[in-house]
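Taking it in order: structure first as structure tokens, then the write-up.
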Number of protein chains: 2
Amino acid sequence: MPEEPASIWMRPERGARGPAPERSRAQIAVVAIDLAIAGGLAAVSTRQIAKALGTGPASLYRYVATRDDLIDLMHDTVTGEIDLSVPLTGDPVEDLLSLAVRTKDLYLRYPWLLDVPVERTRLGPRAADYLEHALRALQHVPMTGRQKLEAISLLNGLVTLFAHIEIQERRTPTARQAAQAAYQAQLAADGRHPLIAAAMADSTLDPPDDPRQSFERMTRRLLTGLGLPG
Amino acid sequence: MPEEPASIWMRPERGARGPAPERSRAQIAVVAIDLAIAGGLAAVSTRQIAKALGTGPASLYRYVATRDDLIDLMHDTVTGEIDLSVPLTGDPVEDLLSLAVRTKDLYLRYPWLLDVPVERTRLGPRAADYLEHALRALQHVPMTGRQKLEAISLLNGLVTLFAHIEIQERRTPTARQAAQAAYQAQLAADGRHPLIAAAMADSTLDPPDDPRQSFERMTRRLLTGLGLPG
DNA sequence: GAATACTGCGAACATCGATCGCAGTATTGG
DNA sequence: CCAATACTGCGATCGATGTTCGCAGTATTC
């Protein structure tokens, strides 16, 4: 029962006998991320990556233990794009808010991130740097370690919620969405759901609120609600 | 280009010539939900359902257009378990909070609900009743239709976040989680992540906060932050 | 130059969602 | 009461998926 983590983070160039593996894990990650950008997480398949790399599907398993580990690798890779070098002001709420905004920008840049299940992701090196940074912002706040971790997890959850909203807002109403709206309107117009009908009628007229303002406000309230000084 | 919704909600007994389809969509939903309870959403497959029903996999497609529609059906079915008959008090915050608590209970009862992607779900009849109920709680609040819909969507998002936390908390630390914790501790112990190490050390000692209290507090803050009177 | 240790990968397996077309059957119309 | 009709159930099958096995090839080490 050694139950070795068998994670990909330790996998690379183990023996390092080979000739500097040209197609390293980083390359695999890049190709996979490109596929995800183009076609979403569902488009990230062993064979598509292999095809893009000019190899066979079986080759990837020398560098990646399983598909989930590959997704962890992708996740960790793009997490590295978050700039952690900005200095902390000492105000935990403002510091975490700033970090949350940068995180939300990352989600908007890589919408497929919203599809990776949160509870399954393992902590990669870049994500560890990220978490360390967030904990540094909370360093002098009187909370237990558990409370801090939960607060950060909750904050990240809020980020994904608003990222969802902003992405939804950003998409021009395609024919598909219009059809769906029409269907929902039809369902609402059966008389038994008057409030839905009214709200959706309004919804097409009202200008959307600026999601960023709302995000800032809600993030501040969440953080102060969790016990941060505010 | 009729682009008919082709949704399952209108699919059943169309011509109704057959002999009262014994294995109706409701039965399929029940079996699929049982499979999801036992093995998660990933265990819900055409063939497993067919096997449980004693038929072939192709038969299901007479009642269900696609797997996504099946999942919508499952979602809508369990949504029907939420009791909407409780009277509204007239206080929108308290009414929505009460609804949110019942919704969170549903998620705790059916954890696979957390795995169904939110942005893809279509509005079934039960979910429409649910939405109508939530809008009724907001009836006399001065918000636009769009704002109300977004508020409800955000509220449901918060429900899923806390459901995630509570489920995570509920699981006894299995060997798997222990191994993962050990791995993360090892990663934290390389010296470059002292705060992670400290927080996780605390985390194993500190008793967890009561998630329900925290949920109530955060929900109230979210709702008042969105402009509800509080 | 031989032993070694790793890499790349073709072939294959199990499983998945989904489609096609036909046999069977219940309902309808005459 | 029989034929036409319209639907149901489903075997066979397609394309694609994640993953494993084992072998040929190659670079490194002794």
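Proteins come first, then strands; the chains are lettered A, B, ... in the order of their sequence lines, and each starts at number 1.
Within residues 29-47 of chain B, the residues approaching DNA chain C are B/Val44, B/Ser45, B/Thr46, B/Arg47, by heavy-atom distance under 4.0 Å.
Rounded to whole angstrom, the span from the CD1 atom of A/Ile71 across to the C1' atom of D/dG18 amounts to 11 Å. Taking atom CD1 on B/Ile49 and atom P on D/dC10, their separation rounds to 15 Å, with Å as the unit. Here D/dT8 presents its C1' atom at 14 Å from CG of B/Leu53, a figure rounded to the nearest Å. When the P atom of C/dG8 is taken as reference, atom CG of A/Leu60 falls 10 Å away, rounded to whole Å. What separates CZ of A/Arg67 from P of D/dT19 is a distance of 8 Å, to the nearest Å. Atom OH in A/Tyr61 sits about 15 Å away from atom C1' in C/dG10, given to the nearest Å. One can place CD1 of A/Ile28 at 13 Å from C1' of C/dC9, the figure rounded to the nearest angstrom. Atom CD of B/Gln27 and atom P of D/dG9 are 11 Å apart (whole Å).
Each of D/dT19, D/dG9, C/dA18 was ranked by its minimum atom distance to the side chain of A/Pro57; first place goes to D/dT19. Closest to the side chain of A/Ser59, out of C/dG17, C/dC9, D/dG18, is C/dC9. Here the nucleotide nearest the side chain of B/Gln48, chosen from C/dC16, D/dG18, D/dC10, is C/dC16.
When the side-chain contact (heavy atoms from CB on, under 4.5 Å) test is applied to A/Ala128, the partners found at least two apart in sequence or on another chain are A/Leu123, B/Leu187, B/His193, B/Ile196. For B/His75, the side-chain contact (heavy atoms from CB on, under 4.5 Å) partners at least two apart in sequence or on another chain are B/Thr79, B/Leu113, B/Val116, B/Thr121. Shown here are the side-chain contact (heavy atoms from CB on, under 4.5 Å) partners of A/Asp206, two or more places apart in sequence or in another chain: A/Asp202, B/Thr144, B/Arg146. Checked against side-chain hydrogen bond (donor to acceptor under 3.5 Å, both in side chains), A/Arg67 has no partners two or more places apart in sequence or in another chain.
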Which pairs of donor and acceptor atoms, one on a side chain in residues 32-52 of chain A, lie under 3.5 Å apart (sequence neighbours left out)?
unit_1	atom_1	unit_2	atom_2	d
A/Ser45	OG	A/Gln48	N	3.2

Side-chain donor-acceptor distances from residues 150-163 of chain A under 3.5 Å, at least two apart:
unit_1	atom_1	unit_2	atom_2	d
A/Asn156	OD1	A/Tyr130	OH	3.2
A/Thr160	OG1	A/Gly157	O	2.6

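Between A/Tyr63 and the phosphate of C/dG8, there is a side-chain N or O to OP1/OP2 separation shorter than 4.0 Å.
The two residues B/His133 and B/Val86 have their closest heavy-atom pair at CE1-O, 4.0 Å.
Among pairs with a residue in residues 100-118 of chain A, those fulfilling salt bridge (charged side-chain N to carboxylate O under 4.0 Å, His left out) read A/Glu81-A/Arg109, A/Lys104-A/Glu166, at least two apart in sequence or across chains.
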Look for any protein N or O under 3.5 Å of an N or O in nucleotides 21-25 of chain C and output each such pair with its distance, or none.
none

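For A/Arg120 and A/Asp72, the salt-bridge test passes: some basic side-chain N is under 4.0 Å from an acidic carboxylate O.
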